Amino acid sequence: MTGRRSASASAVLRVVLDEGATARSTIARRTGLSAAAVTGHVAELLRRGFLVELPEVAGAVGRPSVPLDLDTERFVVCGAHVAVDHLTVGLLDLRGKVLAQLEAPHHGAEPAVQVAQIAELLDDLLVGHAPERTPLGLGVATGGWVDEASGTVVEHGLLGWHGVPLRDLLTEVTGLDVRVDGHSRALIHAERLLGQPRARRSVVQLFTGNVVDAAFATGDTVHHGPRSAAGAVAHLRVDDSEEPCRCGRSGCLEATVSERTIARKAAEAHIIEEPDFTEVLHLAKSGNKSAVALFHERARIIGQAAALLFDVLNPEILIVLDQSVRDVEGCLSTIRDEVSQRSWICQDAEKNVVASSFPGTELATAGGAVMLNALYDDPLFTDLADAS
């Protein structure tokens, strides 16, 4: 009975997320719940502070209706993303809008150091941007192998992390309800809740940064696999690459397209003086031909992986999250061209291979989406309810 009640409350809340200001009758029609059931769930969600009643709207026939909407003023959802070189911390409202975000280089790679830094950055954001709001919890996203169920980073080779109980460490330091997941799965949650409606049917998320990984969802299910190990594409072999990999082999996808590799190649080609990905990206964004060519070649290799994932999983859409897709003209087109040439399944790469719905806020959104997904899956969950 409790599971059914939570599922029904989730359905009500998701309709309001999708529709905006919504009448109870619309919620009943969209969810298939009875008017009495909708009334009960709405009353509970109003009590918990997730919904708010708006002024009455006169109807054509009968009594005026009282629309419902999400209360985007009362709560704040905290999000953090742990990248190889830096941390991103953000605050989101219940619609996933990023209210504020901070990015900072790591003070050190040790888990305890990064946990303390996340807590410090988060405290700064809460005091500076949401002093009157109640934090619902903290969602954390990172690359590598993340066991979502236990909140453990099983392995993150580039950070040197093995078996790090990140959820427990952050819970102890922040006092918040903390959820942890891999960033590709987190971004799928974000797309399905807040971005691409087609992602609700089936979607592949391909993340390419210093870490390269993927995630897949179909219907209502994001695939995790045993211990949440699904999506490990870093060591896919790609054509035309002999780039050495930390695994001991050469030509692996992550080693070939990682941001550190691109920065090193840019320095070797004298495009920049020292390996610095941000600098070479800025040059490419500004139209430097050598830098643009470097990113287009990288996009071609990313397209190889995208074509393979498309043929294996046949998703409705494949979303590529990469800074060059956002900032460098022609990179997304190059990826699509490679998919068109290599994939047996993809019939329209322009339609089916797309960029992230959250340009400029991808990492903060990824972290926040981990907690938002928990909320929209079960708005009656005890820890979340206690926040109100």
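Keep in mind the model is a prediction, meaning the values are calculated, not measured. FYI, the numbering just counts along the sequence from 1.
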Examine the side chains of [X] and [Y] and answer whether a donor and an acceptor come within less than 3.5 Å of each other.
| X | Y | answer |
| --- | --- | --- |
| D147 | T152 | no |
| E242 | S250 | yes |
| T171 | R167 | no |

Counting only heavy atoms not in [X], do more than 12 sit closer than 6.0 Å to its [atom1] atom?
| X | atom1 | result |
| --- | --- | --- |
| E53 | CD | yes |
| H282 | NE2 | no |
| E132 | CD | no |
| E329 | CD | no |
| K285 | NZ | no |

Donor-acceptor check, side chain of E155 to backbone of W145, threshold 3.5 angstrom: yes or no?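 No, the answer is negative, given that no donor and acceptor are paired below the 3.5 Å cut-off.
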Polar side-chain atom of R336 near backbone of E350 as donor-acceptor pair, under 3.5 Å: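 Checking the backbone N and O of E350 against the side chain of R336, a donor-acceptor pair under 3.5 Å is found.
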Yes or no on side-chain hydrogen bond (donor to acceptor under 3.5 Å, both in side chains) for T208 and D322, after CA distance, side-chain angles and deciding distance? CA-CA 5 Å; T208 54; D322 182 85; 2.7 Å; yes
Using 0.5 Å steps for rounding, measure from the [atom1] atom of [X] to the [atom2] atom of [Y].
| X | Y | atom1 | atom2 | result |
| --- | --- | --- | --- | --- |
| E259 | D85 | CD | CG | 8.0 Å |
| H235 | C245 | NE2 | SG | 4.5 Å |
| E148 | S228 | CD | OG | 5.5 Å |
| L313 | T218 | CG | OG1 | 9.5 Å |
| E362 | I319 | CD | CD1 | 11.5 Å |
| S8 | L13 | OG | CG | 12.5 Å |

Transitive ILVMFWY side-chain link L138 to Y376, under 4.5 Å: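 Result: no, two separate clusters.
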Which is it for R95 and D69 under the salt bridge (charged side-chain N to carboxylate O under 4.0 Å, His left out) test, yes or no, and what are the steps along the way? CA-CA 10 Å; R95 288 198 172 277; D69 205 348; 2.8 Å; yes
Kindly give the heavy-atom pair with the smallest separation between [X] and [Y], and that separation in Å.
| X | Y | answer |
| --- | --- | --- |
| I262 | V257 | CG1-O, 4.0 Å |
| A369 | A190 | CB-CB, 3.7 Å |
| A217 | R192 | CB-NH1, 3.7 Å |

Determine, stepwise, if the pair K265 / E297 fulfils salt bridge (charged side-chain N to carboxylate O under 4.0 Å, His left out). CA-CA 12 Å; K265 287 184 174 180; E297 173 59 18; over 6 Å; no
Evaluate the ring planes of F75 and F50, with Trp represented by its six-membered ring, and classify them as parallel (under 30°), tilted (30 to 60°) or perpendicular (over 60°).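 The arrangement is tilted - the two ring planes meet at 30° to 60°.
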Checking side-chain hydrogen bond (donor to acceptor under 3.5 Å, both in side chains) for the pair R14/S10: CA distance, chi angles, key distance, verdict? CA-CA 6 Å; R14 285 172 183 262; S10 169; 3.3 Å; yes
Report the C-alpha distance between Q205 and S184 in whole Å, list the side-chain angles of each, state the deciding distance to 0.1 Å, and finish with yes or no for side-chain hydrogen bond (donor to acceptor under 3.5 Å, both in side chains). CA-CA 6 Å; Q205 174 76 55; S184 287; 5.7 Å; no
